[in-house]
Asker: 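Quick one: the structure is below, questions incoming.
Convention: sequence-line order gives letters A, B, ...; per-chain numbering from 1.
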Number of protein chains: 2
Amino acid sequence: MKKSVTPATVPDKAAYHHGDLRRSLLDAALGLVESHGVQGFTLREAARAANVSHNAPYRHFPSRTHLLIALAIEGQGHLLQGLQTAVRRATDARERIVRLGTAYMEFAISHAAHFRVMFSSDVARNRTADLTAAQNATFEFFENELLATEQGGLIRQGAVQNHALVGWSALHGAAMLVLDGVLDNTAIAARRKPREMAHLIIETLLTGILAPD
Amino acid sequence: MKKSVTPATVPDKAAYHHGDLRRSLLDAALGLVESHGVQGFTLREAARAANVSHNAPYRHFPSRTHLLIALAIEGQGHLLQGLQTAVRRATDARERIVRLGTAYMEFAISHAAHFRVMFSSDVARNRTADLTAAQNATFEFFENELLATEQGGLIRQGAVQNHALVGWSALHGAAMLVLDGVLDNTAIAARRKPREMAHLIIETLLTGILAPD
DNA sequence: CGCCAGGTGTTGACGCTGTCAACATCGAGC
DNA sequence: GCTCGATGTTGACAGCGTCAACACCTGGCG
């Protein structure tokens with residue numbers, strides 16, 4: 001009667017006093033980040049939201065930062081999943097990488113709390129091996145997708161790493177700028193949905209911006 | 001005798017008790033951000049560094065966040081200056097925008113503390129009109145540079161806003177990823193200086209990544 | 001010249017936070 | 001059936017941002 005938790009599918013671990021406090025804390029934290037920002041998130045408030053004492057979180061996370069890191073790892077997993085399912089629906093090579101980029105931006109916008117935590121400087125400064133591994137997995141998937149596209153003949157060969165870097169940077173930068181509201185006053189981004197922005201970015205990356213000679 | 005301040009060129013304002021406490025606080029804050037990160041920065045520690053009581057900062061900034069915002073505005077000014085001087089040294093159109101991008105990334109890396117504050121979510125959430133104006137000025141300069149290049153015939157016409165968005169996003173994203181250490185394990189960025197990365201990014205943006213048909 | 005107002009800095013207090021240590025409780029496995 | 005470890009609680013501590021009240025010093029008014 002303490003807290004309504006999803007009652008199904010995970011009976012294996014953690015059901016002593018609370019049900020699944022670790023999960024509840026992560027959910028509460030995500031909600032707090034959503035409403036108050038990353039640094040507005042508080043261990044004690046998360047504990048309150050989960051109806052436990054202010055020190056209960058320390059049985060599941062060694063520190064506030066480590067809870068955020070757990071959230072970041074989780075988010076990275078969701079992102080990777082999102083990219084994978086997006087790509088799966090594509091029929092040709094070009095649509096494939098358009099979907100890839102679109103999925104990245106859509107994740108950033110619609111899972112803003114997770115995304116913010118994933119790239120918060122607090123988390124970045126205290127990165128653990130697990131988090132680094134999760135980030136690398138995502139980037140490698142990105143790179144491999146481009147590699148497949150290259151082998152399909154759509155894009156120039158021999159510079160996948162370069163292309164992946166630029167593509168990821170552009171998508172990531174645009175997502176950050178949008179999330180921070182920096183682009184709100186620019187005509188190009190003011191009224192555009194993330195999907196359109198991603199489309200715009202990728203098409204520009206593909207063709208380049210040089211004038212045809 | 002309290003604190004060594006630059007003794008020249010600003011005698012007009014603020015010399016009551018301290019000398020120029022506002023300036024000292026900003027400097028101290030910048031140092032703290034550099035060593036402990038944005039959220040590691042503390043009003044009280046900045047006050048200590050300036051040899052004043054823990055409440056003295058409130059005579060110059062209404063809150064901790066507003067001090068950070070002041071720092072962000074200052075950083076935005078420095079960035080704009082950096083872009084302007086970088087561009088001034090260019091001889092042809094292509095070199096001009098290469099220099100523009102290089103300057104952005106070099107600023108982000110070598111003035112990391114300012115840059116982090118400028119795009120910290122704390123500051124973003126409480127953006128003031130002053131800060132928005134400063135950000136817009138920088139973006140407009142970026143856009144105008146591209147417009148000039150377009151008129152010079154180097155780049156495709158009729159899509160400056162689009163090109164500016166993609167260019168800025170790519171540079172900004174790369175800077176963020178580098179600062180957060182996300183790229184440390186990637187072959188492409190591990191041992192590269194910001195200048196080389198910027199070069200790489202801009203060349204790729206210019207020519208695009210499509211295979212020549 | 002003297003006073004006064006307000007800009008500047010200080011002292012003290014409040015509630016909140018992250019974290020530590022000590023204690024309580026519950027369930028699994030001997 | 002007991003014990004041990006995992007889980008949760010209570011209480012404490014220092015540090016933080018912020019507010020209110022007070023102290024000082026200086027520039028401008030008479």
Asker: What is the distance, to the nearest angstrom, from the CZ atom on B:R64 to the P atom on D:dG15?
Answerer: 18 Å

Asker: Take the protein atom CZ of A:R48 and the nucleotide atom P of D:dG8, then report the distance between them rounded to whole Å.
Answerer: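 Atom-to-atom, A:R48 to D:dG8, this comes out as 18 Å.
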
Asker: If you compare all heavy atoms of A:I155 against all heavy atoms of B:I209, which two are closest, and at what distance to 0.1 Å?
Answerer: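 Result for this residue pair: CB-O, 3.1 Å.
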
Asker: Could you pick out which residue, A:R59 or A:R44, lies toward the 5' side of DNA chain C when each is mapped onto its nearest nucleotide?
Answerer: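 That would be A:R44.
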
Asker: On DNA chain C, does the nearest nucleotide to A:E45 precede the nearest nucleotide to A:P62 from the 5' side, or the other way round? Give the residue.
Answerer: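 Residue closer to the 5' terminus by nearest nucleotide: A:E45.
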
Asker: Rounding to an integer number of Å, can you tell me how far A:L43 CG sits from C:dG18 C1'?
Answerer: 7 Å

Asker: Mind calculating the distance between CG (B:D20) and P (C:dG7) to the nearest angstrom?
Answerer: 17 Å

Asker: Please state how far atom NE2 in B:H54 lies from atom P in C:dG12, giving the value in whole angstrom units.
Answerer: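 After rounding, the gap between these two atoms is 10 Å.
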
Asker: Between B:L21 (CG) and D:dC25 (P), how many Å, whole number?
Answerer: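 One finds 17 Å between P of D:dC25 and CG of B:L21, rounded.
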
Asker: So, do B:H111 and B:H78 have ring centers that fall under 6.0 Å from each other?
Answerer: no

Asker: Measuring to OP1 and OP2 of C:dG9, would you say a side-chain N or O of B:Y58 lies under 4.0 angstrom away?
Answerer: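 No, no such contact exists.
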
Asker: Please determine whether a side-chain nitrogen of the Lys or Arg among B:E106 and B:R99 lies less than 4.0 Å from a carboxylate oxygen of the Asp or Glu.
Answerer: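 No, this pair does not count.
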
Asker: Within this structure, what is the CG-to-P distance between A:L25 and C:dG18, rounded to whole angstrom?
Answerer: 12 Å

Asker: If you count the non-hydrogen atoms of other residues, nucleotides and ligands that lie under 6.0 Å from CZ in B:R127, is the total more than 12?
Answerer: yes

Asker: A:Q39 CD to C:dG18 P: how many Å, rounded?
Answerer: 12 Å

Asker: Which residue, B:T42 or A:P57, contacts DNA chain D at a nucleotide closer to its 5' end, judged by nearest heavy atom?
Answerer: A:P57

Asker: Closer than 4.0 Å, any side-chain N/O of A:H60 to the OP1 or OP2 of D:dA6?
Answerer: no

